[in-house]
Trainee: 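My questions will all concern the structure given below.
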Amino acid sequence: GNQRSSSAMSIALNGTIIPGTIRAMYNRNIDNGFSSATSHAIINLSPGSQITIQIIAINSAGTIATSASSCSWIMERIR
C-alpha cells in the first residue's frame with residue numbers, strides 16, 4: 001500500500017539540540033521512499049564534547065530507518 005511518514009533530524013551537542021539544526025523530512029511511498037536533510041552549525045567545542053545526529057519519527061504509518069551508508073559528517077576548524 002501507499003504509506004506516508006514524516007521524521008525529523010537534528011544535531012545535538014552534549015545531548016542538547018543545537019538551535020537551528022532541526023530539519024523535517026516527508027515520505028510518501030508505494031514500496032520504499034527516501035528523503036534527505038542537510039543541516040549545519042558553527043559551534044565551539046571543548047575537550048570531551050559529544051556531537052550526535054538524532055533522528056525521530058513524527059508521524060509514521062510505515063517504518064522509518066536510517067541508511068547506514070548514506071550518513072555523512074563534515075567538520076572544519078575555523079581559525
Side-chain angles (χ1 to χ4, degrees):
N2 197 6
Q3 299 175 343
R4 297 181 180 106
S5 37
S6 56
S7 57
M9 65 82 59
S10 63
I11 302 172
L13 175 61
N14 298 324
T16 301
I17 294 174
I18 299 169
T21 66
I22 298 173
R23 299 293 181 260
M25 296 172 279
Y26 175 78
N27 284 345
R28 183 174 179 177
N29 60 53
I30 294 174
D31 291 318
N32 291 313
F34 299 92
S35 63
S36 63
T38 301
S39 189
H40 67 277
I42 298 174
I43 54 176
N44 293 318
L45 300 175
S46 303
S49 293
Q50 292 186 333
I51 300 170
T52 54
I53 298 173
Q54 301 174 336
I55 310 293
I56 60 166
I58 295 172
N59 180 9
S60 177
T63 301
I64 295 174
T66 57
S67 177
S69 62
S70 67
C71 295
S72 63
W73 178 264
I74 299 170
M75 184 179 288
E76 181 178 346
R77 183 176 182 178
I78 300 173
R79 294 180 185 232

Trainee: Give the cluster check for M9 versus I18: same hydrophobic cluster or not, with ILVMFWY residues linked at side-chain heavy-atom distances below 4.5 Å.
Mentor: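 Result: yes, single cluster for both.
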Trainee: Could you grab the distance from atom CD1 of I53 to atom OG1 of T21, nearest 0.5 Å is fine?
Mentor: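 Interatomic distance, I53 CD1 to T21 OG1, rounded to 0.5 Å: 10.0 Å.
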Trainee: If I take atom CD1 from residue I43 and atom CD1 from residue I51, how far apart are they, to the nearest 0.5 angstrom?
Mentor: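 Reported value, rounded in 0.5 Å steps: 4.0 Å.
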Trainee: Looking at every heavy atom in both I22 and S10, which two are closest together, and how far apart are they?
Mentor: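 So the minimum-distance heavy-atom pair works out to CG1-CB, 3.8 Å.
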Trainee: Considering non-hydrogen atoms only, spot the tightest contact between G20 and S39 and give its length.
Mentor: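 Looking at all heavy atoms of both residues, the shortest contact is O-OG, 4.3 Å.
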Trainee: Are L13 and I55 joined in one hydrophobic group, where the rule is that I, L, V, M, F, W and Y side chains link up if heavy atoms are under 4.5 Å apart?
Mentor: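 The answer is yes; both residues are in one hydrophobic cluster.
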Trainee: Quick one: does any side-chain atom of R23 pair with a main-chain N or O of T38 as donor and acceptor, under 3.5 Å?
Mentor: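 Indeed, once roles are kept as given, a pair shorter than 3.5 Å links the two residues.
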